[in-house]
Amino acid sequence: QVQLVESGGGSVQAGGSLRLSCAASEYTVRLNCVAWVRQALGKEREGVAIIYTGGGRTDYADSVAGRFTISQDKAKNTVYLQMDSLKPEDTAMYFCAAARLACSSIWAGRRASGMWGQGIQVTVSS
């Protein structure tokens with residue numbers, strides 16, 4: 001079972017930046033995709049960014065496109081989420097999720113699919 005550990009969360013003012021990291025115990029051999037999924041208080045989980053580890057293709061939710069960038073460092077078994085121009089509505093618990101076959105399921109926030117980290121809080125104040 002691949003272990004995922006998130007780091008880099010915290011509190012920031014609107015307009016600021018944060019970079020989240022997701023360190024995986026194993027990487028490309030067992031994973032086809034890694035996603036960042038967030039859940040705000042009282043709301044459903046939503047995928048915000050996903051990277052397909054083989055070719056590096058990325059996709060973003062409309063709400064973060066142009067502000068967030070997902071990237072990978074295969075040598076470090078790590079996926080990053082650079083978050084710029086943060087807004088109060090970006091406040092949420094952010095989870096790193098990975099899968100071999102269930103990429104669409106983790107994008108949809110289904111925790112029964114794939115592998116998930118413990119999550120890390122991001123708080124953006126106005």
Side-chain angles (χ1 to χ4, degrees):
Q1 185 80 353
V2 176
Q3 303 296 319
L4 303 173
V5 179
E6 302 99 335
S7 62
S11 298
V12 66
Q13 289 191 323
S17 298
L18 284 173
R19 188 176 80 157
L20 304 183
S21 298
C22 173
S25 57
E26 298 177 58
Y27 201 62
T28 55
V29 174
R30 298 187 63 182
L31 303 176
N32 283 333
C33 59
V34 180
W36 287 96
V37 178
R38 70 185 180 187
Q39 186 168 22
L41 197 62
K43 295 188 177 181
E44 298 290 322
R45 281 186 291 272
E46 64 165 341
V48 295
I50 190 167
I51 186 165
Y52 294 87
T53 59
R57 183 172 70 89
T58 59
D59 200 6
Y60 299 90
D62 289 344
S63 57
V64 307
R67 300 188 297 119
F68 290 11
T69 303
I70 190 170
S71 61
Q72 62 180 345
D73 185 335
K74 294 182 180 181
K76 296 182 178 180
N77 289 1
T78 300
V79 168
Y80 303 98
L81 184 68
Q82 178 67 40
M83 305 186 294
D84 298 319
S85 301
L86 282 160
K87 304 175 181 180
E89 50 264 43
D90 294 318
T91 295
M93 184 72 78
Y94 283 71
F95 297 90
C96 177
R100 182 169 174 79
L101 299 176
C103 295
S104 59
S105 292
I106 64 170
W107 180 254
R110 299 191 187 103
R111 295 204 63 173
S113 301
M115 292 146 282
W116 291 73
Q118 292 297 309
I120 194 162
Q121 180 68 34
V122 171
T123 302
V124 184
S125 58
S126 58

K.L.:
Are any of the side-chain heavy atoms of Val34 and Leu4 separated by less than 4.5 Å?
P.N.:
no
K.L.:
Do the side chains of Arg38 and Ser63 get nearer than 4.5 Å, heavy atoms only?
P.N.:
yes
K.L.:
Can you tell me how far CD of Gln82 sits from CD1 of Ile70, rounded to the nearest 0.5 angstrom?
P.N.:
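Reported value, rounded in 0.5 Å steps: 12.0 Å.
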K.L.:
Please round to the nearest 0.5 Å and tell me the distance separating atom CE of Met93 and atom NZ of Lys43.
P.N.:
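The distance works out to 15.5 Å.
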K.L.:
Which heavy atom of Val2 sits nearest to which heavy atom of Ala24, and what is that distance?
P.N.:
CG1-CB, 4.2 Å
K.L.:
Any side-chain heavy-atom pair from Ile50 and Arg57 closer than 4.5 angstrom?
P.N.:
no
K.L.:
Rounded to the nearest 0.5 Å, what's the gap from OG1 on Thr58 to CZ on Phe68? Could you check?
P.N.:
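It comes to 14.0 Å.
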K.L.:
For residues 6-17, which residue pairs pass the side-chain hydrogen bond (donor to acceptor under 3.5 Å, both in side chains) check, not counting sequence neighbours?
P.N.:
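For residues 6-17: Ser17-Asp84.
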K.L.:
Please report the closest heavy-atom contact between Ala49 and Leu81, naming both atoms and the distance.
P.N.:
CB-CD1, 3.8 Å
K.L.:
So, for Met83 and Tyr94, which heavy atoms are closest and what is the spacing to 0.1 Å?
P.N.:
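Heavy atoms only, the tightest pair is SD-CE2, 4.0 Å.
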K.L.:
If hydrophobic clusters are built by linking Ile, Leu, Val, Met, Phe, Trp and Tyr wherever their side-chain heavy atoms come under 4.5 Å apart, do Val37 and Tyr60 end up in the same one?
P.N.:
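Different hydrophobic clusters.
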K.L.:
Kindly write out the residues that satisfy salt bridge (Lys or Arg N to Asp or Glu O under 4.0 Å) with Arg110, not counting sequence neighbours, or none if the list is empty.
P.N.:
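Salt bridge (Lys or Arg N to Asp or Glu O under 4.0 Å) list for Arg110, sorted by chain: empty.
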K.L.:
Quick one: disulfide (SG to SG under 2.5 Å) pairs with a partner in residues 54-87, sequence neighbours left out?
P.N.:
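Counting only pairs at least two positions apart or across chains, no disulfide (SG to SG under 2.5 Å) contact touches residues 54-87.
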K.L.:
Locate the shortest heavy-atom distance separating Ala102 from Ser113; write the atom from each residue and the value.
P.N.:
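Closest approach of Ala102 to Ser113: CB-CB, 4.0 Å.
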K.L.:
Just jot down the side-chain hydrogen bond (donor to acceptor under 3.5 Å, both in side chains) partners of Arg19, sequence neighbours excluded, or say none.
P.N.:
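Checked Arg19 against side-chain hydrogen bond (donor to acceptor under 3.5 Å, both in side chains); zero matches.
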K.L.:
Find out whether Val48 and Phe95 are in side-chain contact, i.e. whether some heavy atom of one side chain is under 4.5 Å from a heavy atom of the other.
P.N.:
no
K.L.:
Output all residues satisfying side-chain hydrogen bond (donor to acceptor under 3.5 Å, both in side chains) with Asp59, sequence neighbours left out; order by chain, then residue number.
P.N.:
none
K.L.:
As an exercise, state the distance from CZ of Arg45 to CD1 of Ile106, rounded to the nearest 0.5 Å.
P.N.:
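Interatomic distance, Arg45 CZ to Ile106 CD1, rounded to 0.5 Å: 12.0 Å.
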K.L.:
Does anything in residues 114-126 form a salt bridge (charged side-chain N to carboxylate O under 4.0 Å, His left out)? List the pairs, not counting sequence neighbours.
P.N.:
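Every pair satisfying salt bridge (charged side-chain N to carboxylate O under 4.0 Å, His left out) with a residue in residues 114-126: there are none.
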K.L.:
Give every residue pair that meets the disulfide (SG to SG under 2.5 Å) criterion with at least one member in residues 34-80, sequence neighbours excluded.
P.N.:
none
K.L.:
For Ser125, which residues count as a side-chain hydrogen bond (donor to acceptor under 3.5 Å, both in side chains) partner, sequence neighbours excluded?
P.N.:
none
K.L.:
Would you say that Met115 contacts Leu31 through its side chain, given a criterion of any heavy-atom pair below 4.5 Å between the two side chains?
P.N.:
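Result yes, sub-4.5 Å side-chain heavy-atom pair found.
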K.L.:
Please name the residue in the list Asp90, Ile120, Val122 that meets the side-chain contact (heavy atoms from CB on, under 4.5 Å) test with Leu18.
P.N.:
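For Leu18, the side-chain contact (heavy atoms from CB on, under 4.5 Å) test succeeds with only one of Asp90, Ile120, Val122, which is Val122.
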K.L.:
Among all residues two or more places apart in sequence or in another chain, which pass the side-chain contact (heavy atoms from CB on, under 4.5 Å) test with Ser85?
P.N.:
Arg67
K.L.:
Taking all atoms of both residues into account, what is the closest heavy-atom pair of Gln72 and Lys74, and its distance?
P.N.:
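Nearest pair, atom of Gln72 first, then Lys74: NE2-CE, 3.5 Å.
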K.L.:
Starting from Tyr80 and following side-chain heavy-atom contacts under 4.5 Å between hydrophobic residues (I, L, V, M, F, W, Y), which residues can be reached?
P.N.:
none
K.L.:
So, Thr123 side chain and Thr91 main chain: donor-acceptor pair closer than 3.5 Å or not?
P.N.:
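Side chain of Thr123 to backbone of Thr91, a donor-acceptor pair under 3.5 Å: no, none is there.
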K.L.:
Once side-chain hydrogen bond (donor to acceptor under 3.5 Å, both in side chains) is applied, do any residues pair with Glu89, and if so which ones, sequence neighbours excluded?
P.N.:
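Listed in chain order: nothing, the list is empty.
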K.L.:
Tell me which pairs pass disulfide (SG to SG under 2.5 Å) where either residue lies in residues 56-124, with sequence neighbours left out.
P.N.:
Cys22-Cys96, Cys33-Cys103
K.L.:
Taking all heavy atoms of Trp36 and all of Val79, pick out the closest pair and write down the distance.
P.N.:
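Trp36 and Val79 have their closest heavy atoms at NE1-CG1, 3.8 Å.
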